[in-house]
Amino acid sequence: MNTARNTAMNTTVNRRGLLAATAAGGLALAPVNFARAEDRPGTGPEGPHRTRTVRGTLPVGSPDYVYLPVEVPRGVAEFAVSYTYGKPPVPPGVQGNALDIGLFDERGTALGGRGFRGWSGGARTAFFVRSDAATPGYLPGPVRPGTWHIALAPYTVAPEGLPYEVTVTLRFGETAPAPVPVYPPERVRGRGRAWYRGDCHVHSVHSDGRRTPAEVAAAARAAGLDFINSSEHNTTSAHTAWEGLWGDDLLILTGEEITTRNGHVLAVGTDPGVFVDWRYRARENRFGRYAHQVRRAGGLVVPAHPHATCIGCNWKFGLAEADAVEVWNGPWTPDDEVALAEWDNALVAAVRNADDGPGRWLPAMGNSDAHREPDRVGHPQTVVLAESLSRRAILAGIRAGRSYLAESAALTLSFAATDGRGGHAGIGERLRAAADARVTVRLEVSGAAADCTVRLVTDQGVLLTTALPAAGAGVVEWRTTPAHAAYVRAEVRHPPAVPGLPGAFAALTNPVFLDVAADRAG
């Protein structure tokens, strides 16, 4: 039986070995040329195919993205890649090797993603694409002739460099019909105005998660959620993976976790199939362009875990383009506490008196970022007041801040302010009253742990702390004036694990604003 001849190309990549700049800001290696190969395709159990292997070493200081061009001839039915790289031991405190990978087709690597065909980061060591199927993380479609590019992304590089080996296999044959994409519906019929629970940051096997979409949907239902947002790292491949998993009890939004080298941002509820590029850093001043793309696609821009300590996770783009911010990501940690403090400072800035009225403010969100067991989908969750269980209404509720965050569906709360003259404002709303008007703030909690504490926070800081009754339910009332508190928000916390530090959250509300209305004085 004949087999294809494996031809190895050895390239020690140094600054001279990175041959050409690309439109996406990376550099390209010497091409792998199948189109002019003299050997005929070999045959075997997998049919006619050709294979090439490329080896090289990326040095410290390599570009974020190094592209390996592959010349694809006509008649190719499947493009398959596998890769490995060296992981030498390094001293404590020194970065080791980590190499991500993705694929662009003959339409090119230009920013904007027209040629994007998939991304797996470091989650898998092999993938394929063909017209009727693809590895999760990658988009099915025809393998057209032309120059394709394998994207190598050295996330971190050890002092002695990052040796890699990439094997490309082209399989020849008839092209199967492409499947017709089926996307989740945008509305659950018969569900009107209510508080809806959702988790807008979940992962599946379509990026670095370990759950299938079916397992994610089952976990969402078990957590009592009404909606989730598909948010895979740098790919939209999961948008078509939810067929049969939505229902009268679960709305599935499509989006992406745009994972840059300077932080991660959720695109929440974008049009199905819309890909948003991630290949830029804060210093390049490009983020605004892609934030606008998210909004043009009907979605929200939500920086994720902005103070996470993993490499590349800390948010460096600022909050000017954000529609909301994720202040609670998974189990409560010190970096969430920092995110909360930064968000609260932003609230203070938004309510400073100005001639043109109150400033824009940024709502808070909480999401699980669940990847695998034992990560809990829906811990935490964002509970949104929406006119219906629909994409448009849910996003409108999040954007307006008509929401609170809870550690589980067992916990429910209501929070509002009244002025005694018929004025009323709920979460995310504004109560206009005279500067010295007596305003009553009322929080009602049920389903919390018995040892939780309530804190009411204003622009002056924490002004009330009180324990919940032993049953984990109760009502807290507090009186203030608009002159004394520009806003009030509520926290329900567990006892501190470390004495002197705040405890983990059970729930957190967006604020109620108390605006001074001079025409109502007296």
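Computation of the quantities below employed the complete heavy-atom set of this structure, encompassing side-chain atoms and omitting hydrogens, waters and symmetry-equivalent molecules. Owing to the predicted nature of the structure, the values given are computational and were not obtained by experimental measurement.
Counting heavy atoms from C-beta outward, Leu251 and Ile394 have side chains that approach closer than 4.5 Å. For the pair Arg391 and Asp271, the minimum side-chain heavy-atom distance is below 4.5 Å. The side-chain heavy atoms of His292 and Glu321, taken from C-beta on, include a pair separated by under 4.5 Å. Considering only heavy atoms from C-beta on, Glu256 stays 4.5 Å or farther from Glu232 through its side chain. Ile101 has its side chain within reach of Leu152: a pair of non-hydrogen atoms, C-beta onward, lies under 4.5 Å apart. Between Pro306 and Leu319 the shortest side-chain heavy-atom distance does not fall below 4.5 Å. Residues Asp100 and Trp119 are in side-chain contact: their nearest non-hydrogen atoms beyond the backbone lie under 4.5 Å apart. Thr167 places a side-chain heavy atom less than 4.5 Å from the side chain of Thr51.
Under the rule for a side chain to side chain donor-acceptor pair (under 3.5 Å), Glu243 has no partner lying at least two apart in sequence or in another chain. Evaluation of the side chain to side chain contact (heavy atoms under 4.5 Å, CB included) rule for Ser368 yields Asp199, Val202, Ala370 as partners, not counting sequence neighbours. Judged as a side chain to side chain contact (heavy atoms under 4.5 Å, CB included), and not counting sequence neighbours, the contacts of Ala176 are Ser131, Asp132. Legend: residues meeting side chain to side chain donor-acceptor pair (under 3.5 Å) with Glu174, ordered by chain and number and at least two apart, are absent. Scored by the side chain to side chain donor-acceptor pair (under 3.5 Å) test, Asp375 finds no partners at all (sequence neighbours excluded). Not a single side chain to side chain donor-acceptor pair (under 3.5 Å) links Thr382 to another residue, sequence neighbours left out. For Ala506, the side chain to side chain contact (heavy atoms under 4.5 Å, CB included) partners at least two apart in sequence or on another chain are Glu407, Leu411, Cys452, Val492, His494.
Applying the salt bridge (charged side-chain N to carboxylate O under 4.0 Å, His left out) test to residues at least two apart or on different chains, the pairs with a partner in residues 109-121 are Asp105-Arg117. Listed by first and then second residue, the disulfide bond (SG atoms under 2.5 Å apart) pairs involving residues 75-138 amount to none (not counting sequence neighbours). Residue pairs meeting the salt bridge (charged side-chain N to carboxylate O under 4.0 Å, His left out) criterion with at least one member in residues 257-267, sequence neighbours excluded, are Asp64-Arg261. Contacts classified as salt bridge (charged side-chain N to carboxylate O under 4.0 Å, His left out) and involving residues 219-230 (residues at least two apart or in different chains) are given here: Arg191-Asp226, Arg221-Asp249. Here disulfide bond (SG atoms under 2.5 Å apart) pairs that include residues 268-345, with residues two or more places apart or in two chains, are Cys310-Cys313.
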**Request:** Test side chain to side chain contact (heavy atoms under 4.5 Å, CB included) on Leu253 and Ile228 and set out the steps.
**Result:** CA-CA 6 Å; Leu253 307 176; Ile228 57 173; over 6 Å; no
**Request:** Would you please test Glu71 and Thr147 for side-chain hydrogen bond (donor to acceptor under 3.5 Å, both in side chains) and show each step?
**Result:** CA-CA 5 Å; Glu71 300 295 340; Thr147 303; 2.9 Å; yes
**Request:** For Thr333 and Asp335, run side-chain hydrogen bond (donor to acceptor under 3.5 Å, both in side chains): C-alpha distance rounded to whole Å, both residues' side-chain angles, the deciding distance at 0.1 Å, then the answer.
**Result:** CA-CA 5 Å; Thr333 58; Asp335 56 86; 3.0 Å; yes
**Message:** For Trp315 and Phe287: C-alpha separation, side-chain torsions, deciding distance, then whether ring-ring contact (aromatic ring centres under 6.0 Å, His included) applies.
**Reply:** CA-CA 12 Å; Trp315 184 248; Phe287 176 66; 5.3 Å; yes
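The local environment of CZ in Arg295 is crowded, with over 12 non-hydrogen atoms from other residues, nucleotides or ligands closer than 6.0 Å.
Here the closest heavy-atom approach between residue Val72 and residue Val76 is recorded as CG1-CG2, 3.8 Å. Nearest heavy-atom pair, Val157 versus Val60, reported as atom, atom and distance to 0.1 Å: CG1-N, 3.7 Å. Between Leu266 and Ser231, the shortest heavy-atom distance links the atoms CD2-CB, 4.1 Å. Nearest heavy atom pair, residue Ala322 against residue Leu362, reads O-CD1, 3.3 Å. Considering all non-hydrogen atoms of both residues, Gln95 and Ile311 come closest at NE2-CD1, 3.8 Å. Between Ser403 and Asn510, the shortest heavy-atom contact is OG-ND2, 2.9 Å.
Within the cation-pi definition used here (under 6.0 Å to the ring centroid, within 45° of the axis), Arg493 qualifies as a partner of Phe505. Annotation: cation-pi pair Arg55/Tyr164 absent, no NZ/CZ under 6.0 Å from the ring centroid and within 45° of its normal.
For Arg210 and Glu215, the salt-bridge test fails: no basic side-chain N is under 4.0 Å from an acidic carboxylate O. Salt-bridge formation is not detected for the pair Glu284/Lys316: no Lys NZ or Arg NE/NH1/NH2 atom is positioned less than 4.0 Å from an Asp or Glu carboxylate oxygen.
With ring centers used as reference points, Tyr138 lies 6.0 Å or more from Phe128. For Trp246 and Trp242, the ring centers are positioned 6.0 Å apart or more. Taking the six-membered ring for Trp, His233 and His206 have ring centres at least 6.0 Å apart.
The backbone N or O of Ala126 sits nowhere less than 3.5 Å from a side-chain atom of Ser82 that would complete a donor-acceptor pair. The main-chain N or O of Gly263 is found under 3.5 Å from a side-chain atom of Thr260 such that the two form a donor-acceptor pair. Side chain of Thr156 to main chain of Gly96: a donor-acceptor pair is present (N/O by atom type, distance under 3.5 Å, no hydrogens or angles). Side chain of Arg279 to backbone of Thr109: a donor-acceptor contact under 3.5 angstrom is found. Remark: the backbone N or O of Ala158 is paired with a side-chain donor or acceptor of Asn97 at under 3.5 angstrom.
Residue Asn367 forms a side-chain hydrogen bond (donor to acceptor under 3.5 Å, both in side chains) with just one option from Gln381, His379, His201, Glu326, and that option is Glu326.
If you take CG on Asp323 and CE on Met365, they are separated by 10.5 Å, rounding to the nearest 0.5 Å. Note: Trp148 CH2 to Leu103 CG = 5.5 Å, rounded to the nearest 0.5 Å. Atom CG of Leu245 and atom CG of Leu250 lie 8.5 Å apart (nearest 0.5 Å). Asp277 CG to Phe275 CZ: the interatomic distance, rounded to the nearest 0.5 Å, is 4.5 Å. Taking CG of Asn234 as the reference point, atom CG of Asp208 lies at 10.0 Å (rounded to 0.5 Å). The CD atom of Glu78 lies 11.0 Å from the OG1 atom of Thr175; values are rounded to the nearest 0.5 Å.
His305 and His264 have perpendicular rings, their planes meeting at more than 60° on a 0 to 90° scale where under 30° would count as parallel. Between Tyr183 and His239, the two ring planes are perpendicular [angle over 60°; tilted spans 30° to 60°].
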